[in-house]
Asks: 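Here's a structure for you.
So you know, we letter chains A, B, ... as the sequences are listed, proteins then strands, and number each from 1.
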Amino acid sequence: MIGVDEKGFYGKFGGAYIPEMLYPNVEELKENYESILASKEFQDEFRGLLKDYVGRPTPLYFASRLSEKYRAKIYLKREDLCHTGAHKVNNTIGQIILAKKLGKKRIIAETGAGQHGVATATVCALMGMECTVYMGEIDIARQRPNVERMKILGATVVPAVSGSKTLKDATNEAMRAWINNPVDTHYIIGSVVGPHPYPEMVARFQSVISEEIKWQLKEKEGRENPDIVIACVGGGSNAAGAFYHYYNTPEVRLVAAEAAGLGVSSGKSAATTALGSPGILHGSKTILMQTEDGQVVEPHSISAGLDYPGIGPVHAHLFDVGRGEFVAVEDKDAMASGIELSKLEGIIPAIESAHALYALNMIEYSKDDVIVVNLSGRGDKDLETYIKWGNY
Amino acid sequence: MNRIHTLFKEKDSRVLSIYFTAGFPNLDDTVPIMEAIQAGGADIIEIGVPYSDPVADGPTIQDSNKIALDNGMSMKLLFEQLRGFRAKIHLPVVLMGYLNPIMQFGMEAFCQKCKEVGVDGLIVPDLPMQQYLEDYKAMFDQYGIVNTFLISPQTSEKRIREIDEKTDGFIYMVSSHAVTGAKTDISEEQVAYFERVAAMNLKNPRLIGFGISDAKTFTSASRFSNGAIIGSAFIKTIKDSENLSERIQTYLQSVVN
């Protein structure tokens, strides 16, 4: 069985490796999240907002020209059509309702490319809560439009100036900010990472993706289970959502596309399972890219959302027990797939999601196979990268 | 007997522990800094093992960690530098390091090395008590290494009792809701917390850390505990110092006296 145990572990991975200063906050969350999530009041508000505010259910779209090219039945789960442009908002809606129920007054979050930051700033505006987003100084410079979006939405964006000044350091800063404000503040983590119960909680909010795939596929194909689900993995929240209801259905193959950057062995990569080893990152035991001495290595990916040196503990477990097939997609191949989808289907995908699309070239399948690719986000935010890349 | 136990047996007030980051400001400063700390009149030496992602630390110690790593400090090198230090240093020595570098070194190998070179205790801020008890306590005990836990103003009385029960060195009281180095004065709220914990009559001695910087804050903290830990302020003191040994001794004497 794939799932979290009562100590917060997925097999060997997970747990809550946090400084004692964070223990009361994390414990409060752990003690309360399941009963809050199970309550009708929470579910009504969560489901209501997913429907009317986020625009769910997102379509499961049969991509006929893509299917023709790849000789399989390929469906796209259109998370790119969510409000704010990506699946990230499923989680922030869930967590902000939870934060309200816990009596919190302030929200903090980390962000890499700014997608989770925007999704957090959005729900804070919606709920009238104060919002501070930590973002690496380098990311602030290269993701200007998202920084401004957060500010328009009323959030304060604080530059993380330590370490490599990217997502990993923004996460460190957010954790420090939580240590500094433990009582009235909730930390909305954006992926299935961090100390237990975050990975499972975020996965549950994102699990609406596979919940919908099941009934939508039943309508279209007369069966709930595709042969293959493909999703990209940075921390792995969209993948966790797309895989969630299939974890324990072994006949459904789960394919995770990591970012190989300039090539797995180029030294400029974010292919965590290919390059990493077990260790502790941001409060959980997982697989991460590190030196022999246990220092965290800086990743590289053209896609800021995949530019992370670890993966969520559930993915480390899927990798460890062989339940997931992990492929590493290079920058250039992801870009080509993004442009290809634009030409074939009229959908410009986020570069993160383009990694999942390229995986169609890397795995085996037959022409009768039903494949669902989770299109986690849209490419608007990546326009500048597409323009710079050219070749369209 | 472990030197930490001996110390608290002999001295129960105004115990001063000094933290510095190994490899900072220069790679080979480790043992000379330890000698100066001893000569300056401190009671415990706390050596930070640098880490790329020190999540409980504020800007000053983040910075010293980064410089130390850039200088080439590693766990292996630190143990090499520490070989033979007991010929010069009689103070208890505690290593403070985050869990991941220790895990990669191997916890058992790490404890063994600590014992071999003469390290008395460990502070691993991101090793939670439960995990310590389940995975590592037997190892620590086997090698006679004392483990120290942190408590903060948010820590419940129940948990403080539990920590007191499982600790046998000292309890590290984080002075406020803050990462290291954040404050320079002691507030009424903090005093209330210090008094609350003092009234619990714990079996372990308590040292107050985070935000202790000078004679005034050291003396205030010592009123409510067995002493205090200075980290960030010490790092700032040695940052641009020409004559490290003299600077350290002058600073420590200003704190102690």
Asks: Tell me if a side-chain donor or acceptor on Asn100(B) pairs with a main-chain N or O of Leu281(A) at a distance below 3.5 Å.
Replies: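 Not at all, since once roles are kept as given, no pair shorter than 3.5 Å links the two residues.
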Asks: More than 12 foreign heavy atoms under 6.0 Å from NZ of Lys165(A): is that the case here?
Replies: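 Yes, NZ of Lys165(A) has more than 12 neighbouring heavy atoms, counting only those of other groups under 6.0 Å.
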Asks: Tell me the closest heavy-atom pair linking Tyr51(B) and Ile280(A), and the distance in Å.
Replies: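 What the structure gives for the nearest pair is OH-O, 3.8 Å.
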Asks: Enter the distance from Ile179(A):CD1 to Phe210(B):CZ here, rounded to the nearest 0.5 Å.
Replies: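 If I round to the nearest 0.5 Å, the distance is 7.5 Å.
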Asks: What heavy-atom pair brings Gly294(A) and Pro101(B) nearest, and what distance separates the two atoms?
Replies: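 In this case the closest contact between Gly294(A) and Pro101(B) is O-CG, 3.9 Å.
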Asks: Name the region of Leu22(A), side chain, backbone, both or neither, that has any atom closer than 4.5 Å to a heavy atom of chain B.
Replies: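 Interface part for Leu22(A): neither.
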Asks: Has Glu292(A) got more than 12 heavy atoms of other residues, nucleotides or ligands less than 6.0 Å from its CD?
Replies: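 No - once you tally the heavy atoms of other residues, nucleotides and ligands closer than 6.0 Å, there are 12 at most.
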Asks: A quick test of your reading: do over 12 heavy atoms of other residues, nucleotides or ligands sit less than 6.0 Å from NZ of Lys203(B)?
Replies: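 For Lys203(B), atom NZ is crowded (more than 12 foreign heavy atoms under 6.0 Å).
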Asks: Can you say whether Val297(A) sits under 4.5 Å from chain B via the side chain, the backbone, both, or neither, judging by heavy atoms?
Replies: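 Contact with chain B is absent: no heavy atom of Val297(A) under 4.5 Å.
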Asks: Surrounding NZ of Lys66(B) (heavy atoms of other residues, nucleotides or ligands, distance under 6.0 Å), is the total greater than 12?
Replies: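 At most 12 heavy atoms, drawn from other residues, nucleotides or ligands, come within 6.0 Å of this atom.
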Asks: Restricting to non-hydrogen atoms, name the atom on Gln154(B) and the atom on Pro182(A) that form the minimum distance, rounded to 0.1 Å.
Replies: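 So the minimum-distance heavy-atom pair works out to CG-CG, 3.8 Å.
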Asks: Which region of Ala16(A), side chain (C-beta onward) or backbone (N, CA, C, O), has a non-hydrogen atom less than 4.5 Å from a non-hydrogen atom of chain B, or is it both or neither?
Replies: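 Contact with chain B is through the backbone of Ala16(A) alone.
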Asks: Hey, does Gln131(B) have a side-chain heavy atom less than 4.5 Å from the side chain of Tyr17(A)?
Replies: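 Heavy-atom side-chain distance check passes, below 4.5 Å.
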Asks: Please look at Gln62(B) and chain A and tell me whether the side chain, the backbone, both or neither of the residue comes under 4.5 angstrom of a heavy atom of that chain.
Replies: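 The side chain, not the backbone.
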Asks: Distance from Gln104(B) atom CD to Thr291(A) atom OG1, nearest 0.5 Å?
Replies: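 Going from CD on Gln104(B) over to OG1 on Thr291(A), the span is 8.0 Å.
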Asks: For a 4.5 angstrom cut-off between non-hydrogen side-chain atoms, does Lys285(A) reach Met103(B)?
Replies: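 Result yes, sub-4.5 Å side-chain heavy-atom pair found.
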Asks: Considering all heavy atoms of both residues, which atom of Gln295(A) and which atom of Ser52(B) are nearest to each other, and what is their separation?
Replies: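 Smallest heavy-atom distance, with atoms named: OE1-N, 2.7 Å.
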Asks: Mark yes when over 12 heavy atoms from residues, nucleotides or ligands other than Lys268(A) sit less than 6.0 Å from its NZ; otherwise mark no.
Replies: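 It does not: Lys268(A) NZ has 12 such atoms or fewer within range.
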Asks: Of the backbone (N, CA, C, O) and the side chain (C-beta and beyond), which part of Pro195(A) lies under 4.5 Å from a heavy atom of chain B, both, or neither?
Replies: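 Neither part, no heavy atoms under 4.5 Å.
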Asks: Below 4.0 angstrom, N of the basic side chain to O of the carboxylate: do Glu27(A) and Arg159(B) qualify?
Replies: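 Judged by the 4.0 Å cut-off on N to carboxylate O distance, Glu27(A) and Arg159(B) do not form a salt bridge.
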Asks: Which bit of Leu69(B) is near chain A, if near means a heavy-atom gap under 4.5 Å: side chain, backbone, both or neither?
Replies: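 Just the side chain, heavy atoms under 4.5 Å.
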Asks: Can you tell me how far CG of Asp293(A) sits from CG of Leu77(B), rounded to the nearest 0.5 angstrom?
Replies: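 One gets 9.5 Å once the value is rounded to the nearest 0.5 Å.
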Asks: Taking all non-hydrogen atoms of both residues into account, name the closest pair between Arg176(A) and Asp57(B) and its distance.
Replies: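 For Arg176(A) versus Asp57(B), the nearest heavy atoms are NE-O, 2.8 Å.
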Asks: Heavy-atom distance under 4.5 Å to chain A: side chain of Pro50(B), backbone, both or neither?
Replies: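 Backbone only.
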Asks: Non-hydrogen atoms of chain B under 4.5 Å away: do they reach the side chain of Pro19(A), the backbone, both or neither?
Replies: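 Its backbone and side chain both get close to chain B.
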Asks: Quick one: pull up CG in Asp53(B) and CD in Gln290(A) and give me the separation to the nearest 0.5 Å.
Replies: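 Output value for this atom pair is 11.0 Å.
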Asks: Of all heavy-atom pairs between Met21(A) and Leu150(B), which one has the smallest distance, and what is that distance?
Replies: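 Closest approach of Met21(A) to Leu150(B), heavy atoms only: SD-CD2, 3.9 Å.
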Asks: Let's test your reading of the structure: which of Asp126(B), Asn65(B), Val174(B) forms the most heavy-atom pairs below 4.5 Å with chain A?
Replies: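 Among the listed options, the one with the most contacts to chain A is Asp126(B).
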